[in-house]
Amino acid sequence: MKIFIDSADINEIKSLNETGLIDGVTTNPSLIAKSGLNFIDAIEQICKIVDGPISAEVTATDADTMILEGKKLSKIASNVVIKVPLTVDGLKACKNFSNENIKVNVTLCFSAGQAILAAKAGATYISPFIGRLDDIGADGINLISEIVDIYDLHDFKTEVLAASIRSVQDIVDSAKLGAHVATIPPKILQSMYDHPLTDKGLNAFLKDWEKTGQSIL
Ligand code: E4P
């Protein structure tokens, strides 16, 4: 499973990218607003840091303007993926981009029916929002399961990008179900490393090693 960072914070992206484990980045208008950066500059910087797909979201609501915005964004760098909302106009724009071999991430997906339409529109990625479904008492992980099954059954090439992740368990569950990508907020990505037994075990190893008086170098 590929790991994308769900952030527009340049310093966080830089530092996480140094792990060598990052395959891409997703942004959205809220993350850009939170970063305080100019949108185009932010995408340009992120594209230089991470060698992988970088999602940049259009903000128009009609297909024609989405297409103009997407074409401008796709000129920023060759790794830009155009993010469009799952609306009638968003999918019209998606079809147009996919006909021109421009990669598209269809976002704000909350149902399997929507995901079928996105695949038909030639989306490169579909982004089902796990956390926001859980927030309203629905089952976000079940949506991942439904979409993975349908795409497999019908051999759709669209990749399932698990989004709106709130916990490490969301990532594990998405991975078990066969999601191709998880886009992970930096804090949750950091916490994936953690286990109290790792800390306890390492402390014990280091203490015992000190007793030997040896050094490897
Ligand atoms: C990613 O593409 C989405 O925009 C993001 O995962 C949404 O997450 P949120 O529901 O935590 O805002």
Side-chain angles (χ1 to χ4, degrees), residues 1-10 12-13 16-17 22-37 39 42-43 46-47 49-50 52-61 66 69-70 73-74 76 79-87 90-91 93-94 97 102-111 114-115 117-119 121 123-144 147-148 158-175 177 179-192:
M1 185 173 67
K2 285 171 272 190
I3 290 182
F4 289 3
I5 312 172
D6 199 18
S7 174
D9 182 315
I10 303 295
E12 271 180 332
I13 293 170
L16 289 168
N17 190 54
I22 303 308
D23 301 298
V25 177
T26 53
T27 66
N28 63 38
S30 305
L31 291 170
I32 293 291
K34 194 173 155 200
S35 77
L37 297 170
F39 181 30
I43 298 298
I46 297 168
C47 286
I49 300 167
V50 178
I54 313 299
S55 290
E57 188 162 343
V58 298
T59 54
T61 52
M66 283 181 192
E69 289 182 348
L73 295 171
S74 70
I76 296 175
N79 50 337
V80 168
V81 172
I82 306 306
K83 207 171 176 192
V84 299
L86 211 155
T87 59
L91 293 192
C94 175
F97 291 133
I102 294 173
K103 291 187 174 162
V104 190
N105 175 359
V106 176
T107 190
L108 291 167
C109 172
F110 294 96
S111 78
Q114 290 180 318
L117 295 177
T124 316
Y125 304 100
I126 182 71
S127 289
F129 277 34
I130 299 170
R132 292 194 197 187
L133 277 171
D134 292 347
D135 289 346
I136 60 156
D139 187 347
I141 288 298
N142 185 55
L143 176 59
I144 301 287
I147 299 174
V148 168
T158 303
E159 293 194 17
V160 178
L161 192 167
S164 187
I165 281 175
R166 303 273 195 265
S167 66
V168 174
Q169 196 57 48
D170 284 342
I171 302 161
V172 173
D173 290 341
S174 300
L177 290 166
H180 304 84
V181 191
T183 189
I184 309 175
K187 254 192 194 156
I188 295 173
L189 186 50
Q190 296 285 8
S191 71
M192 280 178 88

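Atoms within each ligand, like the ligands themselves, are counted from 1 in listed order. Residues: numbered from 1 along the sequence shown.
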Considering only protein heavy atoms, which is closest to atom 6 (O) of ligand 1, and at what distance to one decimal place?
D6 OD2, 2.6 Å

So which protein heavy atom does atom 4 (O) of ligand 1 come closest to, and at what separation?
N28 ND2, 2.7 Å

Starting from the C-alpha separation in whole Å, work towards a yes-or-no answer on side chain to side chain contact (heavy atoms under 4.5 Å, CB included) for S127 and T183.
CA-CA 9 Å; S127 289; T183 189; 5.8 Å; no

At a 4.0 Å threshold, what atoms of ligand 1 neighbour a non-hydrogen atom of [X]?
| X | value |
| --- | --- |
| K83 | 1 (C), 2 (O), 3 (C), 4 (O) |
| R132 | 7 (C), 9 (P), 10 (O), 12 (O) |
| T26 | 1 (C), 2 (O) |
| F129 | 3 (C), 4 (O), 7 (C) |

For K2, does the NZ atom sit with more than 12 other heavy atoms under 6.0 Å from it, leaving out its own atoms?
yes

Before giving the answer on side chain to side chain contact (heavy atoms under 4.5 Å, CB included), spell out for V50 and F4 the whole-Å C-alpha distance, their side-chain angles and the decisive distance to 0.1 Å.
CA-CA 10 Å; V50 178; F4 289 3; over 6 Å; no

With only distance considered, is [X] within less than 3.5 Å of ligand 1 through an N or O on each side?
| X | result |
| --- | --- |
| S127 | no |
| R166 | yes |
| T107 | no |

Taking heavy atoms and a distance under 4.0 Å, where does S164 meet ligand 1: side chain, backbone, both or neither?
both

Measuring only between side-chain heavy atoms, which start at C-beta, is L143 closer than 4.5 Å to F129?
no

Is the closest side-chain heavy-atom distance between Q190 and L16 below 4.5 Å?
yes

Which heavy atom of Y125 sits nearest a heavy atom of T158, and at what distance?
C-CG2, 3.8 Å

Verify whether one side chain among D9 and S35 offers a donor that lies under 3.5 Å from an acceptor in the other.
no

